[in-house]
Colleague: 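Let me give you the structure first, and then I'll get to my questions.
Atom set for the values below is all heavy atoms of this structure, side chains included, hydrogens, waters and symmetry mates excluded.
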Number of protein chains: 2
Amino acid sequence: MEDPHIDQVRRFNRAVTLRTGALDDSYLGRGRPLGQARLLFEIGPDGIDIGSLRELLGLDSGYASRLLRALERAGLVVVEQDGKDRRRRIAKLTETGLAERQAYDALSDDLAATLLDTLGERQRDRLVTAMAEVETLLGAASVTIAVEPEDSEDAKWCVAAYFAELDRRFEGGFDPGSGGYAGNSGKMQDDGVFLIARLHGRAVGCGALRRLDATAGEIKRMWVAPDVRGLGLSRRLLEALEAEARRAGMTRVVLDTNRSLAEAQALYRKAGYRETERYNDNSYADFWFEKDLRTPP
Amino acid sequence: MEDPHIDQVRRFNRAVTLRTGALDDSYLGRGRPLGQARLLFEIGPDGIDIGSLRELLGLDSGYASRLLRALERAGLVVVEQDGKDRRRRIAKLTETGLAERQAYDALSDDLAATLLDTLGERQRDRLVTAMAEVETLLGAASVTIAVEPEDSEDAKWCVAAYFAELDRRFEGGFDPGSGGYAGNSGKMQDDGVFLIARLHGRAVGCGALRRLDATAGEIKRMWVAPDVRGLGLSRRLLEALEAEARRAGMTRVVLDTNRSLAEAQALYRKAGYRETERYNDNSYADFWFEKDLRTPP
DNA sequence: AGAATTGCCTGACTAAAGTCAGATAAATGG
DNA sequence: CCATTTATCTGACTTTAGTCAGGCAATTCT
C-alpha cells in the first residue's frame with residue numbers, strides 16, 4: 001500500500017478534518033449539544049418526516065425521538081401527524097426554531113469566511129476552485145448504478161430526457177415513433193435490463209440492455225445528465241451493462257449511434273468496441289459497433 | 001451572506017464530511033473507542049512523550065492519562081520514564097500495539113481505495129490533484145504570523161536559511177559579514193521586531209523591522225520557505241511588518257533588494273512600494289524601495 | 001536549602017451519545 | 001376481521017468523552 005494516490009487521499013483527509021473539525025464546532029457555538037443542533041439543521045425550513053430525518057443522520061429511533069422531545073421542550077420544533085399516514089409524524093421548525101437555525105447558518109458562514117480571510121485573492125480563487133473540483137468528484141465517486149424497473153417514474157424520466165437530447169442534437173431532430181426506431185421503443189423483452197445511475201438519490205443517467213438472440217445483446221438508451229458529464233459516468237454505465245450481458249450469458253454486445261454523437265463514439269472505441277456493418281434498420285443510426293465479451297476486459 | 005465563495009466552502013464541507021466522515025470511521029473498525037484509537041495512532045512507531053501527545057490531540061491531562069492506562073491494560077502501549085527529565089514520561093507501542101496501529105493504517109488505506117475505486121483513471125487524477133491543492137491552501141490559511149524574540153532558535157534558523165539562499169542566488173554569493181551588510185547584521189535596535197510565520201508550529205518564514213529614525217523603519221530579512229511559496233505568504237508577512245511599523249508610529253518604511261530577487265521586487269511594487277535612491281551602503285543592494293504608510297492600505 | 005513550578009497521576013463527577021426491549025397506535029394483507 | 005407489519009415513543013440502561021480538584025515526585029528558581 002504505497003500508492004501515492006491513496007496517500008494523497010489520506011493526507012487530504014487529515015488536513016480537512018483538522019480544519020473542518022472547526023467548522024463542525026460551529027454547531028456548538030450556541031450552547032446546545034451537537035446532536036440537537038444537527039437535528040435542528042437537518043429539519044430544514046420546510047420540515048421533514050421523522051423517518052427521513054433518522055435515515056439522514058443515521059440515528060436510532062429511540063435516540064431521535066428523545067432529541068426531538070428536547071427540541072420541542074425548548075420551543076424550537078413542533079411535531080405533527082402526517083395527514084395521509086397517521087403513524088408517520090412530521091417535524092417542523094417554529095418561528096424560534098427557524099431563527100435559531102439561521103443563527104447556525106450565520107455561524108457557519110462566519111467560519112467559512114475566516115478561512116478565506118487570511119488568503120489573498122489569488123489563493124482564495126484557487127482554493128474555491130479546487131474545493132468545487134473535489135466536491136464534484138467526490139459526488140462522482142458516490143454515484144451508484146443499479147438495475148431498476150424499466151417502467152418506474154425515474155426510468156421514464158431518464159428516457160424522456162434522452163429522447164429530448166437526441167431531438168436537439170440530431171440534424172433534422174428525432175422522433176422515437178418513426179424510422180425503424182418504433183420497433184425498439186416498446187417494452188424491453190423478457191430478460192432486458194434497465195440501469196439507473198443515482199447521485200444522492202437523484203437519477204442522473206441510464207442505460208438499457210436487450211437480448212437479440214441466444215448469445216448477443218444490444219445496448220440502448222445510454223444517457224448521462226448534462227451536469228454530471230465528464231466524470232466517467234458513461235464509462236461506468238457501459239461497464240455495468242456489459243457485466244449484465246455477461247451475467248445473462250451473452251458473448252457479444254452491439255449498439256448503434258448517430259454521427260452527431262461524437263463523444264459516444266469515442267467512448268465505445270476506447271472501451272474496445274469495433275465498428276461493424278449495419279445490423280438493424282434504425283434510420284437514425286450512422287454507425288454500428290460490436291464488442292466480444294469473451295476476451296477479458 | 002450570499003458570497004458564492006462562502007457557499008462553495010460550505011458545500012465542500014458538507015460533501016467532504018459526508019464522504020470522508022466515513023474515513024474517520026475507520027478509526028472505529030476495531031472495536032475500540034475513537035479516543036483510544038486516535039491515541040494509538042498518534043503515538044506512532046517511535047513513541048512520543050505524553051506532553052506532546054496531549055498537545056497534539058488537545059486532551060486534558062487527566063483524560064489522556066486514563067486513555068493511556070486503558071491502552072496499557074490492553075497490552076498495546078508501555079509508558080516509561082524519560083532519561084533526562086524523570087517527571088516526563090514516554091509512551092511507546094508494544095509489538096501488539098504496533099500491529100494494531102498497522103491494522104488501522106490498512107483500514108484507512110482500504111477506505112481511501114474504495115473512494116478512488118469507482119472513478120476512472122482521469123477522474124482519479126483530477127480528484128487527487130484537486131485534493132492536493134485544497135490541502136496546500138488550507139495549510140496556507142492556517143499559517144500564523146507573530147512577533148517572536150529575535151534570538152530564539154527558530155528565528156536564528158530562519159535567518160540562517162535566508163542567508164544561505166542569498167548565497168545561492170546572488171551572483172558571486174553572499175557573506176553576511178561583509179560589504180556594508182555587517183552594520184545591519186548585529187542585534188536589532190531597541191524597538192525592532194522580528195516576525196515568524198508558522199505552519200502547524202513549524203517556522204516557515206520570517207521578516208524583521210528595525211527603526212531608522214523617528215518616522216522611518218527598514219524592512220529586512222523577509223524570507224519564506226521554498227516549499228510554501230506561491231501561497232501569498234510573503235504578502236502577508238509584508239503586511240504584518242507594515243502593521244508593526246504603523247503601531248510603532250512610523251510613517252514610512254524602506255527596504256533594499258538585490259537584482260537577482262525578481263519575485264521580491266514584483267511583490268514590493270504590487271504592495272505599493274516605489275523605487276527610490278540608495279539610502280545605505282549595502283554593497284549587495286541594487287534597488288531601494290520606499291512606501292508611505294500614511295496613505296490608507 | 002526552601003519555594004515555586006512542572007509533568008503526570010488518581011478519584012469523583014457530569015453530560016452527551018447511543019443501545020435495547022418493549023409498548024402503542026395506525027396501516028396493510030389475506 | 002385478525003394477524004402482521006410499520007412508525008414512533010418511553011424507560012432503563014451503558015459507554016464514551018470530558019472536567020475539576022487535588023496529590024506526588026522531580027526539577028528549577030532564588
Colleague: Kindly say if A:Arg89 contacts the phosphate of D:dA7, meaning a side-chain N or O under 4.0 Å from OP1 or OP2.
Modeller: no
Colleague: Does D:dG18 have its OP1 or OP2 closer than 4.0 Å to a side-chain nitrogen or oxygen of B:Arg66?
Modeller: no
Colleague: Between D:dT8 atom C1' and A:Glu80 atom CD, what is the distance in whole Å?
Modeller: 16 Å
Colleague: Can you check the A:Glu55 CD to D:dT6 P distance for me, whole Å?
Modeller: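 After rounding, the gap between these two atoms is 15 Å.
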Colleague: Could you check how far CG of B:Asp60 sits from P of C:dT10, rounded to whole Å?
Modeller: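 In whole Å, C:dT10 P lies 13 Å from B:Asp60 CG.
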Colleague: For the side chain of A:Arg221 and the backbone of A:Phe194, is there at least one donor-acceptor N/O pair under 3.5 Å apart?
Modeller: no
Colleague: State, yes or no, whether a side-chain contact exists between A:Ser142 and A:Leu199 at a heavy-atom distance under 4.5 Å.
Modeller: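 They are in contact (side-chain heavy atoms under 4.5 Å apart), so the answer is yes.
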Colleague: Any Lys/Arg nitrogen of B:Asp105 or A:Arg10 sitting under 4.0 Å from an Asp/Glu carboxylate oxygen of the other?
Modeller: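 So B:Asp105 pairs with A:Arg10 through a salt bridge.
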Colleague: Taking for each residue the nucleotide of DNA chain C with the nearest heavy atom, is it B:Gly51 or A:Leu59 whose nucleotide lies nearer the 5' end?
Modeller: B:Gly51
Colleague: With heavy atoms under 4.0 Å as the rule, sort A:Arg54 into base, sugar-phosphate or nothing.
Modeller: sugar-phosphate
Colleague: I want to check one thing: is the phosphate of C:dG7, taken as OP1 and OP2, less than 4.0 Å away from some side-chain N or O of B:Ser61?
Modeller: no
Colleague: Starting from C1' on D:dA7, measure out to CD1 on A:Ile90 and report it in whole angstrom.
Modeller: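 It works out to 13 Å between those atoms.
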Colleague: Report yes or no: is there a donor-acceptor pair, N or O only, under 3.5 Å between the side chain of B:Arg87 and the base of C:dT6?
Modeller: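 Donor-acceptor pair under 3.5 Å: yes.
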Colleague: Using 4.0 Å as the upper bound for N to carboxylate O, is an ion pair formed by A:Lys84 and A:Asp49?
Modeller: no
Colleague: Starting at atom CG of B:Leu57, determine the distance to atom P of D:dG18, rounded to an integer number of angstrom.
Modeller: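 Those two atoms, CG and P, are 10 Å apart.
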Colleague: Among B:Arg86, B:Lys92, B:Arg89, find the residue that satisfies the salt bridge (Lys or Arg N to Asp or Glu O under 4.0 Å) test when tested with B:Glu80.
Modeller: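 When B:Arg86, B:Lys92, B:Arg89 are each tested with B:Glu80, the salt bridge (Lys or Arg N to Asp or Glu O under 4.0 Å) holds only for B:Lys92.
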Colleague: B:Leu67 CG to D:dT16 P: how many Å, rounded?
Modeller: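 It works out to 11 Å between those atoms.
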Colleague: Strictly below 4.0 Å: does A:Arg88 bring a side-chain N or O up to OP1 or OP2 of D:dT8?
Modeller: no
Colleague: Using atom CZ of B:Arg32 as one end and atom P of D:dT16 as the other, report the distance to the nearest whole Å.
Modeller: 11 Å
Colleague: Write down the distance between CZ (A:Arg86) and P (C:dT28), rounded to a whole number of angstrom.
Modeller: 12 Å
Colleague: Select one nucleotide: of C:dC8, C:dA16, D:dA17, the one nearest the side-chain heavy atoms of B:Ile50.
Modeller: C:dC8
Colleague: Taking the side chain of A:Asp85 as heavy atoms from C-beta outward, which of D:dT27, D:dA17, C:dA26 is closest to it?
Modeller: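 It is C:dA26.
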